[in-house]
Amino acid sequence: MTLKKRLIILAMSITGFLVILDTNIMNITIPEIQSSLHVSLTNLSWAINIYTILFAAFLIPFGRIGDIFGHTKLLNIALLIFGLGSIVSGTSTTLNNLLIGRSIQSIGAAIMLPSGMILGFHQVNKEQRPKIIAILAATQALGAALGPTIGGFVSQYFGWHWVFLINVPIVAIVLMITLMTLSMKDESTKQIKIDLLGSIIIAITLILLTLALVEGRNWGWSSLGTISCLVSSLALFIIFVIHEKTTDDPLVPLNLFRQRNYIGANVALLIAFIVMSSFIGIIPTFLTKVMDTSELHAALLITPMSVTLLIATPVATRLIGKISNRILIGFGIIMLITSVFLLNQLNVESNWDQLYLIDVLLGLGIGFVAGPAMSIAVKNLDGSRLTAGQNVLNVVRNIGVIVGIALFLSLLDGNINAAKKDTYNYSVGEIQKSELPGSLQNKFIAKIHSRMNSNQINNNNGSNNFKTTPQISKRQTDQMVEKASDQIIKEKNQVLKLQLPIAVQQKIHEQVKTKVQRKVITTNTTLRKLTRNIRSYLHNHLTNAFLNLYKFELPFVLASIFSIMIFERKNN
């Protein structure tokens with residue numbers, strides 16, 4: 001392979017990496033951006049949602065436009081759009097500006113990903129295509145996996161603005177490579193019509209579907225808004241299929257789905273990216289909120305998964321044709337099953353060894369599913385069928401990420417609320433059984449109630465909200481001594497109808513002080529014990545709230561092993 005082609009493939013890999021990275025990098029910087037822009041978490045979440053929705057909606061239409069106008073021209077335009085969006089996002093001082101910047105970025109990304117992949121495929125013949133697919137699949141999956149790591153590092157050391165601005169020099173380098181190596185004059189185009197109606201229908205379908213998935217947790221899964229979006233997207237999808245059957249220039253040739261290997265590849269990709277998103281969307285939060293690690297440390301703890309993924313994807317792709325597709329994909333799914341099982345049993349109280357093992361197994365699983373699945377799906381496709389085929393794969397992969405994160409965050413909300421309710425009931429029982437004075441019991445219960453009914457458990461450090469033990473301070477103790485001794489002296493003065501001598505008053509004061517201090521010591525010891533028990537109880541229940549999600553996921557992943565039967569028994 002010539003140096004020129006190697007440079008082109010490198011540039012196309014970087015574009016895929018950037019696009020997928022940008023869908024994940026912002027999540028970990030949300031608290032910092034929220035503080036900087038002074039906006040609510042609900043409003044700020046739209047900076048992520050708008051990117052996800054528009055990106056998913058326009059992937060298929062823009063991929064087809066590249067066939068007509070030329071993928072090189074479209075890629076160069078996309079790089080400029082993406083760079084502009086990154087600048088607007090990175091220099092934003094208001095939420096509205098950030099939303100505009102993210103919208104521009106998403107349009108650039110939706111053009112950049114399909115065109116970059118097609119141009120990568122064009123550099124080699126069909127026999128060499130699996131190698132290119134392995135590179136593109138590995139770098140794109142790496143972008144998803146490394147999002148939290150890069151986001152955590154950049155925001156911690158350079159500030160959240162650079163999470164977006166870092167794209168600009170990278171885009172400039174890629175644009176320089178494409179301008180030097182890819183001609184916009186001589187590139188081949190196709191004389192086909194744009195399926196405008198089909199483009200509009202599929203874009204609205206994907207907008208409604210993605211909107212329901214990303215907002216269902218906030219709206220409620222059984223709410224009118226969520227159900228309306230889901231039903232409407234299903235109805236429009238049926239209309240889209242009927243339209244594609246009757247049009248002369250379909251956006252997605254439906255005969256693609258007559259191939260068992262193509263269907264199997266889409267199913268396998270969906271499974272792999274649901275599992276991966278359930279890991280990278282939940283575990284960093286678990287590590288920061290429950291285990292009290294920093295965002296950067298949490299990101300680094302899942303980095304071994306990314307490294308394994310980067311190695312496993314090309315290795316697995318090279319095995320295509322040498323090993324049955326069913327065995328190859330099946331091995332990857334078994335690794336996913338094992339990692340999900342171990343996630344449910346995860347214990348990182350003493351060391352991180354078990355998490356590192358899960359990282360490796362999950363990286364192997366995704367690598368052995370994603371790389372081969374993408375290669376098997378498109379290796380025999382050409383022309384517009386190749387464009388359409390890989391566009392559908394990209395959409396399916398994106399939906400897998402959206403479904404994984406939306407579903408698991410929704411379940412997590414329910415689990416955390418249950419953990420808070422159980423902890424509150426446990427706390428009330430323990431406090432009422434204690435020997436604390438009634439007034440102090442009521443104050444302690446009110447404090448627990450306040451914490452459990454706030455968003456602290458979700459947005460701060462979970463069980464570590466109880467790091468500070470309520471104690472009677474020295475100042476409070478002195479006030480209690482003064483109040484009690486003054487009361488005793490006052491009563492004695494009234495009974496004796498004279499002013500007690502100073503020496504007697506001092507003696508009473510010392511006796512009261514000794515008695516109060518003993519009581520305070522006993523009370524503080526009780527408060528420490530109660531707080532320690534409540535913190536431990538909450539910690540354990542929050543741990544279960546996170547890790548029990550994988551108990552829910554396990555049957556789904558176990559059942560997915562049967563998806564390998566979709567693939568043809570013998571490799572072509």
Side-chain angles (χ1 to χ4, degrees), residues 19-20 22-24 26-27 42-65 85 99-100 102-111 113-114 194-247 250-252 254 256-257 266-267 269-271 273-274 277-278 281 388 390-411 413:
V19 168
I20 305 303
D22 221 59
T23 62
N24 296 275
M26 186 180 165
N27 294 303
T42 301
N43 290 338
L44 183 57
S45 67
W46 274 100
I48 296 174
N49 296 345
I50 197 72
Y51 185 100
T52 304
I53 292 169
L54 295 178
F55 177 63
F58 293 116
L59 265 175
I60 292 178
F62 278 131
R64 184 60 179 271
I65 292 171
L99 292 176
I100 292 170
R102 292 291 285 170
S103 300
I104 297 170
Q105 277 185 285
S106 67
I107 299 298
I111 303 171
L113 184 62
I194 297 178
D195 182 8
L196 185 60
L197 180 58
S199 299
I200 294 171
I201 294 172
I202 195 61
I204 297 174
T205 299
L206 291 171
I207 286 173
L208 291 172
L209 175 62
T210 311
L211 184 62
L213 291 173
V214 299
E215 283 297 310
R217 183 166 65 100
N218 298 322
W219 294 347
W221 293 108
S222 58
S223 68
L224 179 62
T226 303
I227 292 175
S228 297
C229 286
L230 289 173
V231 171
S232 299
S233 65
L234 177 61
L236 284 171
F237 179 71
I238 294 170
I239 293 171
F240 174 74
V241 171
I242 295 171
H243 171 76
E244 293 298 283
K245 277 185 174 181
T246 56
T247 187
L251 197 64
V252 178
L254 297 181
L256 283 173
F257 297 95
N266 277 278
V267 172
L269 270 181
L270 183 67
I271 294 165
F273 278 86
I274 286 176
S277 62
S278 73
Q390 64 94 18
N391 283 341
V392 171
L393 288 169
N394 286 331
V395 169
V396 167
R397 180 183 55 197
N398 198 52
I399 288 174
V401 173
I402 296 167
V403 168
I405 291 177
L407 178 60
F408 279 83
L409 286 181
S410 180
L411 292 170
D413 279 348

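Expressed to the nearest 0.5 Å, how far CD1 of I274 lies from CG of L269 amounts to 11.0 Å. Taken from CD1 in I200 to CG in L251, the straight-line distance is 11.0 Å, to the nearest 0.5 Å. Atoms CD1 and CG, on I201 and L196 in that order, are 10.0 Å from each other to the nearest 0.5 Å. Annotation: the span from N266 atom CG to I271 atom CD1 amounts to 11.0 Å, rounded to 0.5 Å. The CH2 atom of W221 sits 5.5 Å away from the CG atom of L213 when rounded to the nearest 0.5 Å. One finds the CG atom of L206 at 6.0 Å from the CD1 atom of I60 (value rounded to the nearest 0.5 Å).
Under the ring-ring contact (aromatic ring centres under 6.0 Å, His included) criterion, F408 pairs with no residue, sequence neighbours left out. Contacts of F257 classified as ring-ring contact (aromatic ring centres under 6.0 Å, His included), with partners at least two apart in sequence or in another chain: Y262. With sequence neighbours excluded, the residues satisfying side chain to side chain contact (heavy atoms under 4.5 Å, CB included) with T52 are I48, T210, V214, I402. Residues forming a salt bridge (charged side-chain N to carboxylate O under 4.0 Å, His left out) with R397 (at least two apart in sequence, or on another chain): none. Under the side chain to side chain donor-acceptor pair (under 3.5 Å) criterion, S223 pairs with T226, not counting sequence neighbours.
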**Message:** Go through it in stages, so that I can follow the logic: the residues are L211 and W219, the test is side chain to side chain contact (heavy atoms under 4.5 Å, CB included), and I'd like the CA-CA distance, side-chain angles, deciding distance and then a yes or no.
**Reply:** CA-CA 11 Å; L211 184 62; W219 294 347; 3.7 Å; yes

Result block: side-chain N/O donor-acceptor pairs under 3.5 angstrom for residues 232-240, not counting sequence neighbours:
unit_1: S232; atom_1: OG; unit_2: S228; atom_2: O; d: 2.7
unit_1: S233; atom_1: OG; unit_2: C229; atom_2: O; d: 3.2
unit_1: S233; atom_1: OG; unit_2: L230; atom_2: O; d: 2.7

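Between E215 and W46 there is a side-chain heavy-atom pair separated by less than 4.5 Å. Put simply, the side chain of V19 reaches to within 4.5 Å of the side chain of F55, judged on heavy atoms.
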